[in-house]
Amino acid sequence: MNILLLGSGGREHALAWAIKKSTLCDTLFVAPGNGGTAAHNVALDAADHGAVVSFCSKNDVELVVIGPEAPLVDGLADTLRDKGITTFGPNAAAAQLEGSKAFTKAVCDEANAPTAGYAAFSNLDAALAHLNKAGAPIVVKADGLAAGKGVTVAEDIASAQAALQDIFADGDGEVVLEDMLVGEEVSLFFLCDGTTALPFGSAQDHKRAGDGDTGPNTGGMGAYSPASVATDAIWSETLEQIVQPTLDILAKRGTPFSGVLYVGLMLTGDGPKLIEYNVRFGDPECQVLMARLESDIVPYLLASARGTLGKMDAPQWSRDVALTVVMAAKGYPGSYEKNTEIQKLTEAEATGAMIFHAGTLIRANRTIAIGGRVLCVTGKGDSVSGAQGQAYAAVDAISWPEGFCRRDIGWREIAREA
Ligand code: AMP
Ligand code: GLY
């Protein structure tokens, strides 16, 4: 079948690589894609639903895979399904699990799912009054999609006040004030088809820009899979107490969730608690999942889209650990230079590492950096240290003076392995 994949990040290069390996895939189109998917790229704007529909009918596309959250929240999956096109990813109503923090909190209440205590406000004075009562530390979350920038973990009242002023700067806003959870973070992925949830790998991300988890928050500077803290007990508690009740509630409301549910957990002394849901694969978490997935991904994407996940066996994973290091343009997540050239990628891949592209394009056979997060250099090994060694050997072979990366991806697991 012909498959259309939407998105342009490292996540999409990794998905494209996995989909291309499938015996079910004839032609793969990626829109708009990046330098890593150049052979498959088509110019198509996911915000133009009509254009996506007509592309699908002209090119006999039988499966559309939506990578990022924005088109999901925007209802692209609804439009495609209305036209009878098989689509991987949730409809807009269910994508509110990522689109609105207040929505997710209300679902957790109804599901009695473990999460941080909270209060939601759409008025600055009421939020400030609550803050004065609740005190710090406290977590301030702007409602709505914020590309990882909507959350302030405030250690004191003044920074919480500043975050609130910011959210309500132009008069109105929506905010969730949350208790601070303490513990280790881990992400679990579940493929869902409206009623069934199938575990689909674990990972740990590194959100801060600098070594030692310092500096500003980013979309993610590196990840590895599996996460050893995601024990069988954590998987089953998460499925039973959080994920299945969520699916049941959304199905009962007539807005079933299908696609991949990214469950961000804090492992607290009291058991796993939900920090956030995302309604798509993580980036860069997807890169390490795809590096380890041995099963053909396409039957899983189809089963999620068609409601037949219950008939699928658990996927097969490599026993190896995969670890990815994000190379970003110097200055990211702030402002950075574009149109710089990256060299020696072939030498880097000779180490055995895989390089998933993110913010790149190919111009006259040269690889040009055009984004903040630019490359995801992915190593494998029988331990996190081994995978890390392969990834950094490849990083060191790359010539890109305008780029930087963290040098400590995997530090938690490496400390545990030591
Ligand atoms: P989110 O955008 O919801 O993923 O939040 C971004 C980051 O903020 C998370 O990855 C956590 O590190 C942190 N965070 C969010 N909510 C809480 C919480 N209730 N307690 C502690 N940290 C949190
Ligand atoms: N790496 C975090 C995310 O994809 O949301």
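These numbers were taken from a predicted model, which means no experiment stands behind them. As the structure lists them, so they are numbered: ligands from 1, and atoms in each ligand from 1.
Between Phe121 and His130, the two ring planes are tilted [angle within 30° to 60°].
For the pair Arg416 and Tyr224, the NZ or CZ position fails the cation-pi test of under 6.0 Å to the six-membered ring centre and within 45 degrees of the ring normal.
A distance-only check finds a donor-acceptor pair linking the side chain of Lys330 to the backbone of Pro401 [under 3.5 Å]. Side-chain atoms of Tyr262 do not come within 3.5 Å of backbone N or O of Val279 as any donor-acceptor pair. Proximity of a side-chain donor or acceptor of Asp408 to a complementary backbone N or O of Trp411 within less than 3.5 Å is not detected.
Classification of Glu417 and Arg412 as a salt-bridged pair fails, no side-chain N sitting under 4.0 Å from a carboxylate O.
Listed by atom number, the atoms of ligand 1 under 4.0 Å from Lys207 heavy atoms are 10 (O). Residue-ligand proximity, Glu178 to ligand 1, at heavy-atom distances under 4.0 Å covers atoms 16 (N), 17 (C), 18 (C), 19 (N). The Lys101 neighbourhood of ligand 1 comprises atoms 1 (P), 2 (O), 3 (O), with distances under 4.0 Å to a heavy atom of that residue.
Ligand 1 has at least one atom lying under 4.0 Å from a heavy atom of Asp179. Within the 4.0 Å heavy-atom cutoff, Met266 counts among the residues contacting ligand 1.
Contacts between Met180 and ligand 1 below 4.0 angstrom, taking non-hydrogen atoms only, involve backbone and side chain alike. Residue contacts with ligand 1 for Val139 involve side-chain atoms from C-beta outward but no N, CA, C or O (heavy atoms, distance under 4.0 Å).
When ring centroids are compared, Trp317 and Phe200 come within the 6.0 Å threshold. Aromatic pair Phe29/Phe55: centroids less than 6.0 angstrom apart.
For ligand 2, the protein residues placed under 4.0 Å by at least one non-hydrogen atom are Asp205, Gly219, Tyr262, Asn278, Arg280, Gly282, Asp283, Pro284, Glu285.
The minimum heavy-atom distance linking Gly33 with Asn41 is given by the pair CA-OD1, 3.5 Å.
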